[in-house]
Amino acid sequence: MTREPRFGALAADARWQKAWEAANSFATTDSADKPKAYILEMFPYPSGRIHMGHVRNYAMGDVLARFKKMTGHDVLHPMGWDAFGMPAENAAMEKGVHPGGWTRDNIASMRGQLKRLGLAIDWSRELATCDPDYYGQEQALFLDLFAAGLVTRKESYVNWDPVDMTVLANEQVIDGRGWRSGALVEKKKLSQWFLKITDFADELLEGLGGLDSWPDKVRLMQENWIGKSQGLEFSFKLVGGAAGFDVFTTRPDTLFGASFAAISPDHPMAERMAQDAPELADFIAECRRQGTSAEQLETGEKLGFDTGLTVEHPLDPALHLPVWVVNYVLMDYGTGAIFGCPAHDQRDLDFARKYGLPIHRVIADGDETAQHFTGDEAYTGPGKLVNSHFLDGMTIDEAKAAIVSRAEHEGWGKGTTVWRLRDWGVSRQRYWGTPIPFIHCHACGTVPVPKDQLPVVLPEDVDFSIPGNPLDRHPTWKHVRCPSCGGDAVRETDTLDTFVDSSWYFLRFASSPSDRPFDPEVIRRWLPVDQYIGGVEHAILHLLYARFWTRALHKMGMIDIVEPFASLFTQGMVTHETYSREQGEGLPPLYFTPDEIERSADGATLTADAAPVQVGRVIKMSKSKKNVVDPDAILDQYGADAARWFMLSDSPPERDLPWSEAGIEGAWRFVQRLWRLFGDTENVGDGGEDRALARKLHQAIAGVGADIEALGFNKAVAKIHALANDIEKAKPSATRAEACLTLIRLVAPMMPHLAEEAWAALPAGQRATTLVADAAWPTADPALLVDDEVTIAIQMAGKLRDTMTLAKGLDKDAIEAAALARPRIAELLGGATPKKVIVVPDRLVNIVP
RNA sequence: GCGGACGUGGCGAAAUCGGUAGACGCAGCAGACUUAAAAUCUGCCAUCCUCUGGAUAUGCGGGUUCAAGUCCCGCCGUCCGCACCA
């Protein structure tokens, strides 16, 4: 094969992608004697086009997968599609296309885009969650969960998105608005399916402790989300004998500071009272209207309604506390009722000040012990109990324990744990999702679809001309016979939250039998995922749900593992400058795309009119700011390897990566530079050895490998650059020729097409495998990893004064003597004896004069 | 409000255990090659000074240490998550 002077990326990309496919290079192997590596990147939603964030994500996973293959692992590196969801239905409504057709078209074009990146993926395992093969097995698992008591159906207030006409999980409500539509969310009472994730709250929290290879940030976010609080639950008795209500507190120690009791506007007692009290009914309605609005949350104004009822203080029945209905008490946390202790809780203090309720100090703030509390800042710090009868003098912890034990002894309360985490509502009033496999029968109630009737397949003929759920108004689909009594019945028309689809797909990748969700034997071999890579935006929802499913399946005896992802990596976003011009007052700035812009060192101009534009902050690529760069255009111009290389260069992978034209140009130049170097594998010069270069080569082999293993791609890139510099500067020698040859394999995981092209150009005797994809990672010679000479710094009083090169491994005395013998040091010392000399062998000498 | 992370040249960054701060890349400057450009190659590139040397430098102010980007205390700033969670 004749060698071209320049690397023709476009032709080479296509050629090698075809060669890998023909050779089936990335089919998952399973040889008993090799360690396994399951490398997984979060599967994409088929929105239509891949974006740079995908390129970065999949480039990282791909480097790792290829490296694992080269280092003798059986590698599982699959790809699939998170294919259900709202955008497909929106497209259906806007463009009149079928969600299924739209989704499948998108998958086809995105698959093509991903293949252009040259990813080492086993495409035979590709799956889409919208295939009945997949969601039918999901329905089977859902029935298993039901049988295990982990699925319930209950009436509950749900977050209703009036624009998307669907229910949202709490996690999908952001600042009181739907996460997709941005519409103000309303409360609505509906019968909904729930997965009992709260059964696993404790386990999911405890399990975080074992996830050493997860980012601390993600573990902390999950911990906060699960939100474990320990405290006291006790009942208030209404004065006058009627039944009271339960409250929960994490501060039972402040019980003597109680000055009122408060219940949520959604509390059953409040609703009952409202039936005969129109003013209260109005107040409750007002709270519901305001409860979710953004400005309500911001101003945080405390509103209350005095019911006129009073309750007995549990420790002093003579003391009566007024009962208020209060807007800041949430029904779905704790018991929906509290006692107010204004001196030591800011919200209660704001409320008490507004409505003139008493404020009693019960925790000493340093020397301040007066019962009468002044000021507008509640004291929440540590201190001894005061004004609290038998608790006086105790610490907060002692007092908590004393109250809990007394409550339990006297029978009016008990120590308890309350979770922030709530059961996962999975019902969605949507078409494009997994049908929930249940049937409602007048006679038999809600009955599961028998497993032999799965999958419950979505009907194709649906109408999107009006909002709401097309399944619900489909003429025939929902009408079925009851599997139990054979009478007329209707299907459940809700579909599953798409987060269910992504809660087990990593199991299906390992094995996809047609008659079950997965093969437990195969799961035993491949799971957990060794390295999971994706965006931090999934830190809570997806990752928590996947952990829950894994634990649930474990509890049901279906799998052995309890955690799905042994190691997690959350990568940063791809960002870009923005280019804009002000359009005048009241108008938003006009943004321009990067390819409309001429960028120079000191600014940017619009190509069309050659006039300057404003260069804005480097922010996440987004369509609205027009700072997006299309991966296809980059691949056309520079090829896959330059794009991959740039994605991996410079920025640490967990941090944001600023995309720049100059950066991709630099990557492209480096690709060409390597191509020239790879032409030198037979240029041995005088044929001699170059010991110094050999050291650098072997240090690079070890260093690059270690960096890739640790996902330090930017460091691996820097080391390859440094080695390329060293090789270029070295005189031709046998060592240099060998270094050029070895460098091909060092860059192969990151620039696989270039590496194959260079590999193929080698004389047959120089390569052990036909494809570099099948080659082994080079072995570093331990003898060459250490230098035999070291440069030692000589400091005086901590300041660098001189350096010297000595043999490695000299003892302290020899190093000290050598340092003191340096003319410069002798001169600075001026004949005086140093007070102290610290020697760190092979590193430095610090002389304290 | 609560919790967390981060702050190093013009820019992205490195410094793995407290031991020579700024590797590597981008941008820039100077030069070589060229009729010219591109490409390529060579060199320079933290700041200041009295410049074969020296001083100051890792957000700011303290501290520990022979030695601090790294450890401790207190500020300031930026970003992220949660948010009336009792």
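Letters A, B, ... mirror the listed sequences (proteins, then strands); counts begin at 1.
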Any A/R669 side-chain nitrogen or oxygen under 4.0 Å from OP1 or OP2 of B/A27: yes

Quiz item: A/K302 side-chain donor-acceptor pair to B/C84 base, under 3.5 Å: yes

Chi class for B/G9: syn within 90° of 0, otherwise anti: syn

Upstream residue (5' side of RNA chain B) when A/V536 and A/L828 are each assigned their closest nucleotide: A/L828

B/C45: pairing nucleotide in any strand, Watson-Crick or G-U under 3.5 angstrom: none

Reading 5' to 3' through nucleotides 11-16 of chain B, protein heavy-atom contacts under 4.0 Å coded B for base, S for sugar-phosphate only, - for none: -BSSS-

B/C44, syn or anti by chi within 90 degrees of zero: anti

Nucleotide paired to B/C71 in any strand shown, Watson-Crick or G-U, under 3.5 Å: B/G63

Within the 6.0 Å centroid threshold, strictly below: A/F260 and A/Y355: no

Side-chain donor-acceptor pair present, A/T198, A/D423, cut-off under 3.5 Å: yes

Check against side-chain contact (heavy atoms from CB on, under 4.5 Å), A/M573 and A/V536: CA-CA 9 Å; A/M573 298 179 298; A/V536 73; over 6 Å; no

A/K799 or A/N846, whichever maps to the more 5' nucleotide of RNA chain B: A/K799

Short side-chain N/O contact to B/C85 OP1/OP2 from A/N224, under 4.0 Å: no

Sugar-phosphate, base or nothing in reach of A/Q672, heavy atoms under 4.0 Å: nothing

Watson-Crick or G-U counterpart of B/G7, or none if no pair lies under 3.5 Å: B/C76

A/N725 CG - B/U40 P separation (whole Å): 14 Å

Side-chain N,O (A/K217) to OP1/OP2 (B/G3) below 4.0 Å: no

Charged tip of A/K302 within 45° of A/Y328 ring normal and under 6.0 Å: yes

N or O in side chain of A/R6 less than 4.0 angstrom from B/A39 OP1/OP2: no

A/W675 and A/Q672, any side-chain heavy atoms less than 4.5 Å apart: yes

Below 4.0 Å: OP1/OP2 of B/A83 and any side-chain N or O of A/R420: yes

